[in-house]
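Whatever order the structure lists them in is the order used to number ligands and atoms, beginning at 1.
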Amino acid sequence: MYKIVKKEELGQDTYLMEVEAPKIAQSVLPGQFVIVKANETAERIPLTVSDTFLPDGTITLVIKAIGVSTRKIVSYPVGGFFHDVVGPLGNPSAFIHRPIGMLRRSRYCFIAGGVGIAPVFPLVKWMSQHGLECDVIIGARNASLLFYIEQFRKITNNLYIATDDGSMGFKGNVNDMLDYLVHHEGRRYDEITAIGPMIMMKFVSLKAKELGIPCVVSLNSLMVDGTGMCGACRVQIGGQTKFTCVDGPEFDGSLINFDECMHRQAMYDHIDGRKLLEEEELRENHQCHIGGITHEPLPPKSRVPVREQSPEVRRTNFREVCFGYNAEEAVEEARRCLNCKNPQCVNGCPVHIRIPNFISLIKDGQFDKAASLIREDTALPSVCGRVCPQESQCEGKCVLGRKGDPVAIGKLERFIGDWSMKNNIVAQKPTVRKGQKVAVVGSGPAGLTCAKELRCMGYDVTVYEALHEFGGVLVYGIPEFRLPKKDIVKPEIETIKNLGVRFESDVVIGRTMSVDDLMNKWCYDAVFIASGAGFPNFMNIEGENLCGVVSANEFLTRNNLLFSYKDKYETPNYVGKKVTVVGGGNVAMDAARTAIRLGAEVHIVYRRSEEELPARREEVHHAKEEGIDFQLLTNPLRIIGDDKGWVKGMECIRMELSEPDESGRRRPVPIPGSEFILDTDMVIMSIGTSPNPLIYTTTQGLDVNNHGCIVADEEGATSRPGVFAGGDIVSGAATVILAMGAGKSAAKAIDEYLRNK
Ligand code: FAD
């Protein structure tokens, strides 16, 4: 019998128990474990010895009460006795057998998640006792689940804390912290040891592999008997079956079949409390406990929350607001997908990405296959994952949306798009050469998609762009805090360049050369016009030409394309103290959120109600969080200037909604007598854009409609044979994905046209 001499609650459901076991205390080494059997009928529970106190002959155990057996163990009082404590078992950590000189030359990183903090402690303590430095990362869902912080601080100077909700230390999980240390702090490690929930160890192993660092993990949670007798802890290591208790518990993480381990852990769900854990995890959308989720549960109603910069911080910088999912979060969210037989999400996507297929591959951790698949289906997954209005497209059709949150398809697309870039997974290079040439005018989403598709079919493709940068609105319109240029847009375009598409900047079609020149002089067999709709509209009200009134396009181009907000860039940008943005679309949100980052107080004036705001819901939500004031059901009447010709106010009128108009939205009508003056010194007009007339006015026989949009059929064929068009230049200002859809359809039509030419 083994006496309990101390018991302390360390955190939520986590207990420290000191137990008299003198023989074990004397012989136990870091990495070893004991088996505790609380009473005669109790289950054998493997627990790592996290510390020893030789004078009293005690060992310290840390227990997470997650199931029937562990709850029973922690219910024992001080002075009570455990029936059995067996050990020390398993092999000690391999590193303690290495020569000290070698250890001194190497840099070790120990990573602990949740209850894995306890078994990591003796490893770090051993390092400290031998005068060796190491880095330690400990993480949990939130601060209340962390423990041993003071104890760690006594034995290491390099303790890094990560919590999913940011309640202590770094906001993110241990893998994010590792990534940060390596990429931002320049840490180099010779070996990583990770202990924690199976799912965490799986992803730390994957990350370590990506970083080229050997990674050891401890599978002690798999064990039952602990002596090699039952074989319940068998595990596939590099294709060979090993027993965790005999051959481990530490193994090379890159060789472990984690999925199989997790699968087997579920075998006893109905009796050992892992079921309880699983339910708790599903409720909380988190997986970081020992045990892991192992079988298909009913999907939780809420999606896995995505981490973001806090509003107070982000309104002072231009860094990306949303951090996106990490691998664990992506897998967890992917598990919510029902993989419908008749997937409506695909119908909701204008480029018909095989959504359930790539999500299913993410769910299985087959990121490389998911990445290859998405790269086949779309030219810009990392872009679309960030800026598409998914709520009205793919996610709007997701059946889970009927009773809860739809699957976060956009965030999963973003995750796998980013992953594919980091891991150099690109679309297949063309294997055939068709020998015909296509010119693409404009390098926005429509032009890029069409170019990629045609190139993959084997055509020679050249993209002509008027600006000095490629990407269209993606570079000059959408701000860095929503869509990073260097890390996302450029590499996405680079993947298209690498397929063999030629890009020429600073060529204004209609000026530098015409569409006719392209076909007659430069012998292109077809032309795709994707020049967008970059011409800003104004309201034609009094005072619109005062100093301090600008279009959103001007304001954003100065900021995003010409980097006026960065010190060494020379382009100036005027920013008022009290800025009013007129409009309610994505462009208005971007202008408002840029102005607030530049230090202004910002108001949005929009003539309809919140329900009709055309901007993506996420952008409206973010704008509000950042402190932007929404003057809804309000319309500008005139802009008022001071005696020097600068804006000093804007007269507005309140509106109410009446019957639906031709757009299907309820028509706003003024409320007589509700006029008021809004105090403002800058007005940013963001009420839409139109196509630039340059191309159609210089191209013979190209039909346009009343709005100046090129007339094209569903496949993009225009009134001129061999000339196709798509994106905003045809539809008027719309969305990235619709432009991409048009580019994809046009590529098919161009292929057909050229094959029959
Ligand atoms: P563009 O992206 O406009 O690209 C056209 C390209 O053609 C430009 O690079 C232009 O310089 C070039 N060009 C023009 N004329 C010529 C010429 N004569 N010769 C050579 N090149 C020429 N959509 C979303 O889905 N989500 C969003 O969050 C979102 N936010 C937006 C925010 C802003 C500020 C703006 C302005 C738009 C936003 N949109 C958003 C809309 C979306 O960006 C556009 O619908 C999409 O970019 C249209 O793609 P496109 O390829 O047709 O044209």
*Asks:* Does an N or O anywhere in Ile729 fall below 3.5 Å from an N or O of ligand 1?
*Replies:* no

*Asks:* Just to confirm my output: which protein heavy-atom neighbour is closest to atom 4 (O) of ligand 1, and how far is it?
*Replies:* Gly444 CA, 3.4 Å

*Asks:* Which one holds for Leu556 and ligand 1: side chain close, backbone close, both close, or neither close, with close meaning a heavy atom under 4.0 Å?
*Replies:* side chain

*Asks:* Which option wins on minimum heavy-atom distance to atom 29 (C) of ligand 1: Asn586, Ile737, Thr594?
*Replies:* Asn586

*Asks:* Examine the proximity of ligand 1 to Phe470 and report which part, side chain or backbone, both or neither, has a heavy atom under 4.0 Å away.
*Replies:* neither

*Asks:* Any idea which protein heavy atom is nearest atom 9 (O) of ligand 1, and the distance to it?
*Replies:* Glu465 OE1, 2.6 Å

*Asks:* Any nitrogen or oxygen of Val736, main chain or side chain, under 3.5 Å from a nitrogen or oxygen of ligand 1?
*Replies:* yes

*Asks:* Check this for me, if you would: do Arg414 and Glu333 make a salt bridge, where the nitrogen-to-carboxylate-oxygen distance has to be below 4.0 angstrom?
*Replies:* no

*Asks:* Short question: side chain of Lys485, backbone of Leu483 - any donor-acceptor pair under 3.5 Å?
*Replies:* yes

*Asks:* Does the pair Asp418/Arg386 count as a salt bridge with the N-to-O cut at 4.0 Å?
*Replies:* yes

*Asks:* Ring of Phe481, cation from Arg597 - is the NZ or CZ under 6.0 Å from the centre and inside 45° of the axis?
*Replies:* yes

*Asks:* Taking distance alone, with N or O pairs closer than 3.5 Å, would you say Ala734 contacts ligand 1?
*Replies:* yes

*Asks:* Which is closest to atom 26 (N) of ligand 1 by heavy-atom distance: Leu694, Leu561, Val387, Asp728?
*Replies:* Val387

*Asks:* Using distance alone, decide if ligand 1 has a nitrogen or oxygen within less than 3.5 Å of any nitrogen or oxygen in Ala466.
*Replies:* yes

*Asks:* Measure Glu619 to ligand 1 on non-hydrogen atoms and call it side chain, backbone, both or neither using the 4.0 Å cut-off.
*Replies:* neither

*Asks:* Measure the acute angle between the ring planes of Tyr753 and Phe724, then classify it against the limits of 30° and 60° as parallel, tilted or perpendicular.
*Replies:* perpendicular

*Asks:* Tell me, which protein residue and heavy-atom name are nearest atom 16 (C) of ligand 1, and how many Å apart are they?
*Replies:* Ser531 CB, 3.8 Å

*Asks:* Would you say Arg482 has any N or O atom under 3.5 Å from an N or O of ligand 1, going by distance alone?
*Replies:* yes

*Asks:* Do any N/O atoms on Val508 end up under 3.5 angstrom from N/O atoms on ligand 1?
*Replies:* no

*Asks:* Under 3.5 Å between some N or O of ligand 1 and some N or O of Leu474?
*Replies:* no

*Asks:* Do ligand 1 and Gly477 have nitrogen or oxygen atoms that lie under 3.5 Å from each other?
*Replies:* no

*Asks:* Please state which part of Ala591 comes within less than 4.0 Å of ligand 1, counting heavy atoms only: side chain, backbone, both or neither.
*Replies:* neither

*Asks:* Identify, for atom 19 (N) of ligand 1, the protein heavy atom at the shortest distance, and state residue, atom and that distance.
*Replies:* Ile509 N, 2.9 Å

